[in-house]
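Each remark here refers to the structure printed beneath this line.
Counting begins at 1 with the first residue of the sequence.
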Amino acid sequence: MGITSSRVPHPKETIDWYRTKLSPEVHREVHTKSDVKAAVQSVGFLANQLLWLGGCVYFQKYNFQPLPLAFFVVMYCVQVNFMINAVHELGHGTVFKTPYLNDVFCRIFSFIGWLSPDMFFSSHLRHHRYTQNFPHDQENQMPALQTRTEFAKAALFNYGYLSVVASSLVKTATGSFPTGHLGWTPEWEAVLYPENKPEARVAPIWWARAMLAGHAAITYLAYTRGLWVVPILQYLGPF
């Protein structure tokens, strides 16, 4: 259940980052975690997502009205795009005080958002340690040129990205590395998941299989019940 990075040893080099000076009292205060507050935020977010989903189902199957249906579809899609934000914080263990609750909710948010937390954090931990210092951090390829098309895709609908994610999941599920996860280069993926460490690939492989099987089951149940809006939300919403 816990998030498992590839655990490939990091380089010995270190970077002398500037650290903002905080008193022990302030440091302790800003790092204080609460299971109650975390549950309110996390469960509340998921409940709100369920509300949009319920509206979609209601106005599609039980009281078909195009305009309300379109409204709920848009609202579902807007919110589901923020699953990565939850996964980022939960994976870092900064949300719940109880560690396993971070892991449980990280998996839930990852499943809904088509995310692979094990692979993400294999890269992201290095990203925090060596931010934008090549070659030890290659998470975000630079220079990044934001064209009008790329901006529109990021802000509205990243058409075509579902096929990229699906292809990456299938490759991961079958153990075919490099997978192209998150647009990683083969060189970066070889650093994180080298051929001589097959044990590092076990966690992402099983998570990819669970994701594909789980989403296929949801699609089947929705299809057999005439809920055609569910696969639309499921496969297009996060993108």
Taking atom [atom1] of [X] and atom [atom2] of [Y], what is their separation to the nearest 0.5 Å?
{"X": "L125", "Y": "Y130", "atom1": "CG", "atom2": "OH", "value": "11.5 Å"}
{"X": "F105", "Y": "F96", "atom1": "CZ", "atom2": "CZ", "value": "4.0 Å"}
{"X": "C56", "Y": "L51", "atom1": "SG", "atom2": "CG", "value": "9.5 Å"}
{"X": "Q132", "Y": "Q138", "atom1": "CD", "atom2": "CD", "value": "10.5 Å"}
{"X": "S163", "Y": "Y235", "atom1": "OG", "atom2": "OH", "value": "14.0 Å"}
{"X": "M119", "Y": "T4", "atom1": "CE", "atom2": "OG1", "value": "13.0 Å"}

Which atoms form the tightest heavy-atom contact between [X] and [Y], and what is the distance?
{"X": "P11", "Y": "H136", "value": "CG-ND1, 3.2 Å"}
{"X": "I112", "Y": "P238", "value": "O-CG, 3.8 Å"}
{"X": "L192", "Y": "V8", "value": "O-CG2, 3.2 Å"}
{"X": "S123", "Y": "E139", "value": "OG-OE1, 2.8 Å"}
{"X": "L233", "Y": "C77", "value": "CD2-SG, 4.4 Å"}
{"X": "W114", "Y": "Q234", "value": "NE1-O, 2.8 Å"}

>> Parallel, tilted or perpendicular, judged at 30° and 60°: which one describes the rings of F71 and W52?
In response: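 Rings of F71 and W52: perpendicular, as their planes differ by over 60°.
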Mark yes or no for whether [X], through its side chain, and [Y], through its backbone, hold a donor-acceptor pair below 3.5 Å.
{"X": "K33", "Y": "A38", "result": "no"}
{"X": "S168", "Y": "V164", "result": "no"}
{"X": "T98", "Y": "L101", "result": "no"}
{"X": "T224", "Y": "L221", "result": "yes"}
{"X": "K61", "Y": "R225", "result": "yes"}
{"X": "N81", "Y": "G237", "result": "yes"}

Report yes or no: do [X] and [Y] belong to one cluster of Ile/Leu/Val/Met/Phe/Trp/Tyr joined by side chain heavy-atom distances under 4.5 Å?
{"X": "L67", "Y": "I232", "result": "no"}
{"X": "F64", "Y": "V229", "result": "yes"}
{"X": "V230", "Y": "W228", "result": "yes"}
{"X": "F45", "Y": "V74", "result": "no"}
{"X": "F72", "Y": "Y62", "result": "yes"}

>> So, using side-chain contact (heavy atoms from CB on, under 4.5 Å) as the criterion, who are the partners of N85 when residues are at least two apart?
In response: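 Residues passing side-chain contact (heavy atoms from CB on, under 4.5 Å) with N85: F82.
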> For residues 64-92, which residue pairs qualify under salt bridge (charged side-chain N to carboxylate O under 4.0 Å, His left out), counting only residues two or more places apart or in two chains?
Replying inline: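 For residues 64-92: none.
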>> Going by salt bridge (charged side-chain N to carboxylate O under 4.0 Å, His left out), name the pairs with one or both residues in residues 112-127, residues two or more places apart or in two chains.
In response: R107-D118
Taking the side chain as every heavy atom from C-beta outward, state whether [X] and [Y] have any atom pair closer than 4.5 Å.
{"X": "F120", "Y": "H88", "result": "yes"}
{"X": "F239", "Y": "V165", "result": "yes"}
{"X": "L169", "Y": "S116", "result": "yes"}
{"X": "Y193", "Y": "T172", "result": "no"}

Do other residues, nucleotides or ligands put more than 12 heavy atoms under 6.0 Å from the [atom1] atom of [X]?
{"X": "D16", "atom1": "CG", "value": "no"}
{"X": "H27", "atom1": "NE2", "value": "no"}
{"X": "K37", "atom1": "NZ", "value": "no"}
{"X": "E195", "atom1": "CD", "value": "no"}
{"X": "E13", "atom1": "CD", "value": "yes"}

What donor-acceptor contacts under 3.5 angstrom involve side-chain atoms of residues 176-183, with partners at least two apart or in another chain?
from : atom 1 : to   : atom 2 : distance (Å)
S176 : OG     : T174 : OG1    : 3.2
T179 : OG1    : H181 : N      : 3.2
T179 : OG1    : E189 : OE2    : 2.7

> side chain to side chain contact (heavy atoms under 4.5 Å, CB included) between R129 and T14: does it pass, once the steps are laid out?
Replying inline: CA-CA 8 Å; R129 187 172 182 178; T14 59; 4.1 Å; yes
> Who are the side chain to side chain donor-acceptor pair (under 3.5 Å) partners of H128, not counting sequence neighbours?
Replying inline: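 Partners of H128 by the side chain to side chain donor-acceptor pair (under 3.5 Å) criterion, ordered by chain and then number, come out as H92, H124.
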Using residues 202-214 as the side-chain source, report each donor-acceptor pair under 3.5 Å to any protein atom, sequence neighbours left out, with the distance given to one decimal.
from : atom 1 : to   : atom 2 : distance (Å)
W207 : NE1    : L115 : O      : 2.9
R209 : NE     : A173 : O      : 2.8
R209 : NH2    : A173 : O      : 3.2

